[in-house]
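Here's the structure we're looking at; comments come further down.
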Amino acid sequence: MPNARFQYYPLKTPHGIAGVVGIRPGEAKLSAEAQRMIEALMDQVSTALERTILADEAADARASAEGEKLRSALLSSISHDLRTPLSSIVGSVTTLRSLDKKMTKPVRDDLLANIEEEASRLSRFVANLLDMTKIEGGAVKLGKEPVDVADVVAAAVRRARQTWPQREIVTKIAPAVPPVAGDAALLEQLVFNLLDNAHKYSPAESPTAVSVTEEAGQIVLRVADEGPGIAQDELERIFEKFYRVKGGDGRSPGTGLGLAICRGIANAMGGSIHAESPVSKRRGTRLVVRFPKVASP
Ligand code: ADP
């Protein structure tokens with residue numbers, strides 16, 4: 001553009017022209033040397049731009065691959081976890097309807113118990129999914145009330161005993177444990193999730209131990225089972241969303257979300273959670289939750 005007051009330099013990248021730089025030379029014409037220098041400079045700028053564009057594209061691709069992985073893990077987990085109990089419920093109902101009078105009372109009771117159990121499993125599963133999306137979306141407003149851990153544990157244990165009446169739960173709660181700051185309902189959900197896992201991943205006849213103690217200014221909650229335990233290199237990974245130990249018992253339905261939710265709740269209350277295994281005689285898993293106690297007024 002010979003009549004323009006600016007001189008324009010395209011920023012060329014292998015993807016095409018990424019921009020144009022206009023330079024106003026002032027009175028004197030640019031010397032050949034100055035031109036060469038500007039051109040060299042523009043080359044550098046183009047290369048830098050190209051790198052930035054590529055890095056952005058790579059980051060986008062990574063994010064969408066992760067999102068994709070998450071979505072497909074969620075989908076396969078949901079379809080399995082929703083379908084299994086649903087088909088069992090539908091099967092039981094169909095049998096009840098078609099055989100009706102021909103059925104003995106114990107068989108009928110058995111089918112009804114099965115429907116009840118599978119329906120409550122479904123309901124736990126959906127509740128877990130909802131919790132997770134709420135925690136992730138920041139929709140859960142965590143209360144910051146003083147919470148009596150002993151009370152909350154007692155409530156969760158009561159619920160667990162109703163849910164699994166045949167299982168033994170041994171509790172050991174230190175007297176007068178000071179309160180922690182947080183949300184009683186969410187803490188109860190955390191404890192219940194740990195009890196759920198302890199029961200899912202240990203033999204029916206083995207007991208589950210729950211304890212609450214005060215140690216060095218912290219309130220410590222432990223839930224231990226006598227199941228096969230967790231390998232050393234899985235102890236952290238089990239807190240990842242959708243992570244389930246491969247070759248685990250394989251039959252227990254689950255989403256791999258329970259412990260991610262537990263960690264979300266513990267962290268939101270200023271605490272932490274980790275897993276230990278083995279507990280004794282090369283067996284067992286112990287989940288340990290620590291909370292700072294509320295500072296005295
Ligand atoms: P889910 O139980 O739905 O699979 P969790 O996030 O609660 O999801 O647990 C993740 C994985 O950690 C489980 O699939 C299981 O393999 C392992 N796990 C959790 N708790 C225990 C336990 N008490 N004993 C053995 N394995 C466990």
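Indexing begins at 1, ligand by ligand and atom by atom, following the structure's order.
- With a 4.0 Å heavy-atom cut-off, ligand 1 is reached by no atom of Glu234.
- Between the side chains of Ser202 and Arg167, at least one donor N or O lies within less than 3.5 Å of an accepting N or O.
- Residue contacts with ligand 1: Gly256 is included, with a non-hydrogen atom under 4.0 Å away.
- Annotation for ligand 1: atoms under 4.0 Å from non-hydrogen atoms of Gly258 are 5 (P), 6 (O), 7 (O), 8 (O).
- Between Asn193, Val279, Val245, Leu259, it is Leu259 that holds the heavy atom closest to atom 9 (O) of ligand 1.
- Glu215 meets the side chain to side chain donor-acceptor pair (under 3.5 Å) test with Thr213, Arg222; sequence neighbours excluded.
- Looking at Ser277, its side chain never comes within 3.5 Å of a backbone N or O of Gly229 through a donor-acceptor pair.
- Contacts between Ile230 and ligand 1 below 4.0 angstrom, taking non-hydrogen atoms only, involve the side chain exclusively.
- Taking 4.5 Å as the limit, some side-chain heavy atom of Leu122 sits within range of a side-chain heavy atom of Ile89.
- By the 4.5 Å heavy-atom criterion applied to side chains, Val220 and Glu214 are not counted as neighbours.
- Checking only distances, Gly229 never comes within under 3.5 Å of ligand 1, N or O to N or O.
- Counting the atoms of ligand 1 from 1 in the order shown, those under 4.0 Å from a heavy atom of Tyr243 are 10 (C), 11 (C).
- Counting heavy atoms closer than 4.0 Å to ligand 1, residue Phe239 contributes nothing at all.
- Arg283 contributes a side-chain N or O that, together with a main-chain N or O of Glu226, makes up a donor-acceptor pair within less than 3.5 Å.
- Contact annotation: the side chain of Glu240 never approaches that of Leu259 to less than 4.5 Å [non-hydrogen atoms, C-beta and beyond].
- Here Asp225 has side-chain heavy atoms under 4.0 Å from ligand 1, and that is the only part of it that gets that close.
- Counting heavy atoms of neighbouring residues, nucleotides and ligands inside a 6.0 Å radius, atom CZ of Arg159 exceeds 12 of them.
- Considering backbone and side-chain N/O atoms, Leu287 never comes within less than 3.5 Å of an N/O atom of ligand 1.
- Taking every heavy atom of Lys200 and a limit of under 4.0 angstrom, the matching atoms of ligand 1 come to 1 (P), 2 (O), 3 (O).
- Contact annotation for Leu257 and ligand 1: only backbone heavy atoms (N, CA, C, O) come within less than 4.0 Å of the ligand.
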